[in-house]
Amino acid sequence: MAESAVSFLLDQLTVLLRDERKLLGGIGNNAVYIRDELGHLRAFLRAADAREESDEQLKEWVKQVREITYDTEDVLAMYMLRFSYQRRDTSGLNGYIKKMYCSMKNLRSRHRIASEFQNIKLRLENVSKSRERFKDVYNDMNERSSNKTYDTRGDALLLDEAEVVGIEKPKKQLLEWLMQTDDGLKVISVVGMGGLGKTTLVKKTYDDASVKENFNCRVWITFSENFNLEHLLREMINGLANEIMVPLPQNLEAMTDIKLKEFVYEFLKDKTYMIVLDDVWKVDAWESIRYAFPRVSAHGRIIITTRLYNVGNAACSETNGHLYHLNPLTPEKSEELFHRKAFPRKSCPPYLKEISKSILKRCEGLPLAIVVVGGLLATKNNNLEDWKLFDRHIGLESQEDSLKGMNKLLSLGYYDLPYYLKACFLYLSIFPEDELLLKWKIIRLWIAEGFVEAKEGYTPEEVAESYLNELLNRSLIQSADTYQDGRPRKFRIHDILRNFIISKSKEQNLLTVAREEEMSRPHKIRRLTISTSFNDTKECCNFQYLRSLFWLEFADSESGMMMFQKALGGGCRLLKVLDIRGAPIDSLPTEVFEFYYLKYLGLRKTNIKLIPKSIGNLENLETLDLKKSKVTELPIEILKLHKLRHLLVYSYGVKGIFHSVTRTLKAPYAIGCNLTCLQKLCFIDADEADGIKIVREIRKLTQLRKLGITKLRREDGKDLCSSLGKLTKLRRLSIYSMEEDEVLDLDHSLPSSPLPFLRTVVLKGRLEKLPQWVYSLDGLTELQLSWSRLKDDSLQHLGDLPNLLSLVMGKLSYEGEELVFKDRKFQKLKFLCPWELRGLRNVRVEKGCMPHLVKLTLRDCKLMEELPEGIEHLRNLKDVGFIEMSEKFTRRVVMQKVEEGVEWKLSHVSQVRGRNLVDNEWTRWL
């Protein structure tokens with residue numbers, strides 16, 4: 001994390017020295033020295049970050065470097081703030097007087113800042129000299145395998161069968177794959193987060209009698225983060241030779257890695273072998289060893305365990321192998337394992353059952369957490385008070401000896417992160433326990449905090465999204481909800497991992513939580529989360545350097561507001577993020593609109609009704625979140641926010657703000673000149689006389705990703721299509737007509753490769769025919785239609801879209817009496833919903849159509865009397881819903897189910913649901 005802070009600061013200093021050399025004056029020389037010296041320290045910090053846990057002196061040294069880095073960043077920010085007048089308009093007499101006044105005032109500030117820079121330089125000189133005592137850390141950077149920190153991963157190899165629970169099903173699957181008779185090489189990858197039991201599962205499979213019987217060569221190899229390939233190959237050769245009791249080659253120690261791989265290859269040729277590669281960290285590790293295993297002239301099976309999806313996928317895909325995602329234990333299995341560890345010789349006493357459930361719930365099925373926590377509680381002699389105390393503090397005290405093993409294991413994943421991900425990962429500790437993390441909120445916050453590095457050819461959002469994907473790939477976060485195309489939408493953090501990053505965040509002064517249990521706070525608070533109730537009697541807190549302030553929805557109103565007012569009134573002029581979602585306030589303090597650096601302002605679910613004109617002062621604002629607030633008007637001054645990227649205004653039941661946004665954007669040159677950074681804009685009413693202006697101006701919002709247009713008139717369709725052709729980064733498009741019979745005239749040409757990133761299209765209005773450009777959207781995954789009145793030929797063309805996953809055919813979207821889904825159409829469709837098609841009588845599905853359909857919902861199609869013909873061909877169908885269908889349809893479906901001697905068409909479907917059907921008895925059967 002110290003390396004991360006240094007790298008971010010170096011980026012700032014580099015830009016400052018390049019662009020502001022004249023403005024820096026005499027301060028520049030010290031700034032150059034600080035930049036160069038921190039640059040020299042950065043490589044050393046990379047090794048020190050990973051070793052500080054086992055060396056208290058080194059830990060203190062890293063802390064000093066981190067604090068110097070933070071303080072330098074603070075001084076730089078204050079400097080840029082005090083001299084920001086030179087970037088503002090100083091024209092005219094008033095501007096000249098203001099400039100002279102600021103010059104005299106800033107002369108004193110310059111002296112003070114110069115003194116602070118000199119002090120930082122002296123501190124950095126001292127800390128650089130003391131680095132010599134830790135020079136062995138740098139020398140050992142590439143020899144981390146010699147670190148004597150106890151690694152609990154090896155314990156899994158020693159577990160007795162009786163200590164393991166919940167592996168029966170995954171073990172059976174692995175054995176089934178291992179015993180497949182086809183020759184050649186097959187790789188089986190077992191993927192999951194650290195502590196989930198991957199090694200234990202594979203070890204029990206490896207030791208199974210059937211495996212020993214069917215493979216004459218078996219070897220287990222454990223990788224490390226920085227493995228030595230030659231050492232691993234020699235270890236493998238030793239193991240293979242011992243298996244069949246043959247002598248080792250005489251020149252084994254002198255062989256190069258190429259010769260060692262050749263020896264392994266020749267040794268395994270014509271043999272039946274199984275090799276386990278445990279805890280593989282990088283794709284490069286697999287790539288370096290893969291060609292040592294014969295592909296054809298042998299019967300080989302390799303099992304890889306890894307936390308990283310891309311490692312497991314890369315290894316198994318090239319051999320047409322298998323990938324197994326290991327899931328947490330079920331509640332029943334979790335309880336069984338917990339009771340074995342917490343009550344090794346007896347059952348759980350009745351008075352501990354409730355507290356046991358509370359503790360066990362926090363472990364969330366993670367075997368590592370259950371074993372560690374259960375083992376710790378086994379030492380408490382079933383004392384209820386001790387258990388209650390532990391329940392309150394589980395995992396939060398990282399210095400607990402019994403939890404150190406778990407923290408060491410979790411730290412392996414943390415210390416392996418590249419520097420730019422460490423701060424991003426620890427930052428997730430700001431979110432409360434059990435909250436699902438919204439992908440786009442995380443991305444916007446990371447960008448606002450400055451954690452996202454610039455990358456040529458990519459937007460900050462795209463870079464941040466790659467960060468999230470990397471954390472997901474490393475199993476440090478888990479996907480909790482996905483979009484239709486399978487991309488993650490929400491995430492969660494396992495409680496044990498969350499406790500770990502909270503501990504690290506506090507230790508590194510990344511985050512301060514204001515709550516009753518918080519016994520001490522740092523003198524300089526940089527990020528503050530107001531959580532639950534607390535009694536704040538401390539006056540020593542320094543809010544001057546506060547960068548982020550968060551209000552959690554469940555915070556106590558009275559004490560929370562006291563802390564909120566104290567923080568904002570504490571001169572926190574460096575604030576970048578203010579997120580007060582759900583705070584019980586109806587107006588913002590005037591201080592908020594003086595925060596020059598503010599980039600993220602979240603007012604969601606507040607009672608705020610008015611956004612003042614002074615919002616125009618927030619010239620660095622990037623995100624303004626007003627969702628579900630009481631705001632109904634936006635001032636024209638919002639057009640001064642040239643850097644605004646995300647304007648989130650959707651409010652349930654409050655439509656006034658839509659009109660306000662529309663009026664604002666219709667101001668002369670508003671869009672083209674002022675809001676060109678905007679990425680999300682929904683919805684715009686286009687029903688006024690000058691509606692054509694807005695559909696033409698939209699083309700200038702080239703960064704736009706989400707766009708909603710309401711009340712579009714027929715005559716504006718051509719101009720809208722012309723504008724859409726310029727929005728090459730658009731991901732979601734919603735277009736609504738004025739009324740049910742108003743035609744959406746959208747069948748106009750777009751560029752040859754239109755809207756390459758468009759994933760979701762919602763069209764609500766009459767279409768004389770579906771626009772031709774829709775059929776060219778190769779990336780389209782979700783399509784929703786209403787009032788369209790399409791014919792059958794349009795439907796067949798839709799069936800050729802290569803990536804369409806979801807099709808909702810809403811009210812009056814189709815005029816025919818029969819829907820026919822033809823052979824080889826809709827090859828990736830997973831969700832289909834014909835809804836309120838009042839003229840529809842029959843649905844026919846030809847064999848070979850929609851082979852991957854999982855969910856089918858028929859709703860309010862009153863003329864239908866029979867189940868869709870050919871529905872039995874949809875073998876992957878798992879969920880069928882019949883909602884508000886006719887009584888005749890319902891009775892026929894029931895009769896098909898109960899009639900003897902008739903094969904029911906839905907016998908292969910696991911869940912059939914219904915609503916407003918004939919009688920309660922059948923509804924219960926569903």
Side-chain angles (χ1 to χ4, degrees), residues 193 328 358-366 369 391-396 410 421 423-449 451 464-465 467-469 471-472 474-483 487-506 510-518 527-534 548-557 560 563-564 577-584 600-606 623 625-629 646 648 650 652:
M193 66 184 293
S358 174
I359 293 173
L360 190 56
K361 184 179 178 181
R362 296 170 186 265
C363 296
E364 298 187 48
L366 188 66
D391 186 36
R392 290 200 301 270
H393 298 286
I394 181 172
L396 294 177
L410 298 177
L421 279 183
C424 292
F425 183 46
L426 294 186
Y427 190 77
L428 299 182
S429 61
I430 66 173
F431 296 100
E433 186 177 6
D434 298 327
E435 179 174 317
L436 293 182
L437 316 183
L438 289 169
K439 170 184 174 179
W440 281 103
K441 179 167 184 174
I442 295 171
I443 285 174
R444 292 172 190 133
L445 286 172
W446 280 350
I447 293 172
E449 293 281 5
F451 293 160
E465 188 172 10
Y467 289 2
L468 268 175
N469 290 337
L471 291 177
L472 183 66
R474 291 170 175 267
S475 299
L476 292 175
I477 58 176
Q478 299 167 308
S479 177
D481 187 23
T482 61
Y483 294 103
R487 292 178 299 117
R489 179 171 173 265
K490 295 179 182 179
F491 302 91
R492 65 187 304 277
I493 305 176
H494 193 286
D495 275 359
I496 303 300
L497 265 172
R498 182 175 175 275
N499 290 334
F500 171 77
I501 63 175
I502 286 176
S503 173
K504 296 299 293 183
S505 296
K506 288 170 57 180
L510 184 77
L511 173 70
T512 301
V513 179
R515 60 183 174 198
E516 193 172 9
E517 296 90 347
E518 197 75 22
R527 292 177 183 87
L528 177 66
T529 295
I530 300 176
S531 169
T532 67
S533 63
F534 56 91
S548 306
L549 178 60
F550 300 90
W551 175 286
L552 302 186
E553 285 188 69
F554 52 81
D556 178 80
S557 298
M563 176 62 84
F564 175 72
V577 173
L578 179 60
D579 186 11
I580 52 174
R581 170 176 175 156
Y600 186 105
L601 179 56
L603 307 178
R604 186 176 298 209
K605 291 187 178 181
T606 63
T623 297
D625 186 354
L626 303 175
K627 281 191 173 183
K628 301 183 184 179
S629 70
H646 305 281
L648 313 178
Y650 182 74
Y652 293 121

statement: Here the gap from Ser429 atom OG to Leu497 atom CG, rounded to the nearest 0.5 Å, amounts to 12.0 Å
- request: Find the distance between CG (Leu428) and CH2 (Trp446) and round it off to the nearest 0.5 Å.
  value: 5.5 Å
- prompt: Do Leu648 and Leu626 come within less than 4.5 Å of each other through their side chains, counting heavy atoms only?
  reply: no
message: Taking the side chain as everything from C-beta on, heavy atoms only, tell me whether Asp481 gets closer than 4.5 Å to Pro488.
response: no
- line: Only one of Leu438, Thr623, Leu468 passes side chain to side chain contact (heavy atoms under 4.5 Å, CB included) with Ile443, and that residue is Leu468
Min side-chain heavy-atom separation Leu549-Ile530 under 4.5 Å: yes
message: Test of understanding: with side chain to side chain donor-acceptor pair (under 3.5 Å), list the residues that count as partners of Asn469, not counting sequence neighbours.
response: none
task: Could you tell me which residues satisfy side chain to side chain donor-acceptor pair (under 3.5 Å) with Lys490, sequence neighbours excluded, listed by chain and number?
output: none
field: Where Ser479 and Phe491 come nearest, the two heavy atoms and their spacing
entry: CA-CD2, 4.3 Å
message: Any non-hydrogen side-chain atom of Thr529 less than 4.5 Å from a side-chain atom of Leu511?
response: yes
task: Kindly write out the residues that satisfy side chain to side chain donor-acceptor pair (under 3.5 Å) with Glu449, not counting sequence neighbours, or none if the list is empty.
output: Tyr427, Arg527, Ser548
- prompt: Charged N to carboxylate O below 4.0 Å: is that the case for Lys441 and Asp579?
  reply: yes
message: Please enumerate all residues that pass side chain to side chain donor-acceptor pair (under 3.5 Å) together with Thr606, with sequence neighbours excluded.
response: none
field: Backbone of Ile501 reached by a side-chain donor or acceptor of Ser505 within 3.5 Å
entry: yes
statement: Heavy-atom closest pair (Phe451 atom, Cys424 atom, distance to 0.1 Å) is CB-SG, 3.7 Å
task: Starting at CG of Leu603, measure out to NZ of Lys628 and round the result to the nearest 0.5 Å.
output: 15.0 Å
message: If the condition is side chain to side chain contact (heavy atoms under 4.5 Å, CB included), which residues does Ser358 pass it with, not counting sequence neighbours?
response: Arg362, Asp391
message: Could you go through Met193 and Leu366, starting from their C-alpha distance and side-chain angles, then the distance that decides it, and tell me whether this counts as side chain to side chain contact (heavy atoms under 4.5 Å, CB included)?
response: CA-CA 9 Å; Met193 66 184 293; Leu366 188 66; 4.2 Å; yes
- prompt: Would a 4.5 Å heavy-atom cut-off, applied to side chains only, mark Leu528 and Met563 as touching?
  reply: yes
- prompt: Taking NZ, NE, NH1 and NH2 as the nitrogens, is one of them in Lys439 or Glu465 under 4.0 Å from a carboxylate oxygen of the other?
  reply: yes
- prompt: Side chains of Phe550 and Leu445: closer than 4.5 Å at any heavy-atom pair?
  reply: yes
message: Testing Ile580, Val577, Asp625, Leu578 one by one against Leu601 for a side chain to side chain contact (heavy atoms under 4.5 Å, CB included), which residue passes?
response: Leu578
- prompt: To the nearest 0.5 Å, what is the distance between NZ (Lys605) and CZ (Arg581)?
  reply: 4.5 Å
message: Please report the interatomic distance CG(Leu437) to CD1(Ile442), rounded to the nearest 0.5 Å.
response: 4.5 Å
field: For the student: nearest non-hydrogen atoms of Ala464 and Ile447, plus distance
entry: CB-CG1, 4.5 Å
query: Are Phe500 and Ile493 close enough that some pair of their side-chain heavy atoms sits under 4.5 Å apart?
result: no
- line: CD1 of Ile430 to CD of Glu435, rounded to nearest 0.5 Å, is 9.0 Å
query: How far apart are the closest heavy atoms of Ala448 and Tyr600, and which atoms are they?
result: CB-CB, 3.9 Å
task: Not counting sequence neighbours, which residues clear ring-ring contact (aromatic ring centres under 6.0 Å, His included) with Tyr467? List them please.
output: Tyr420
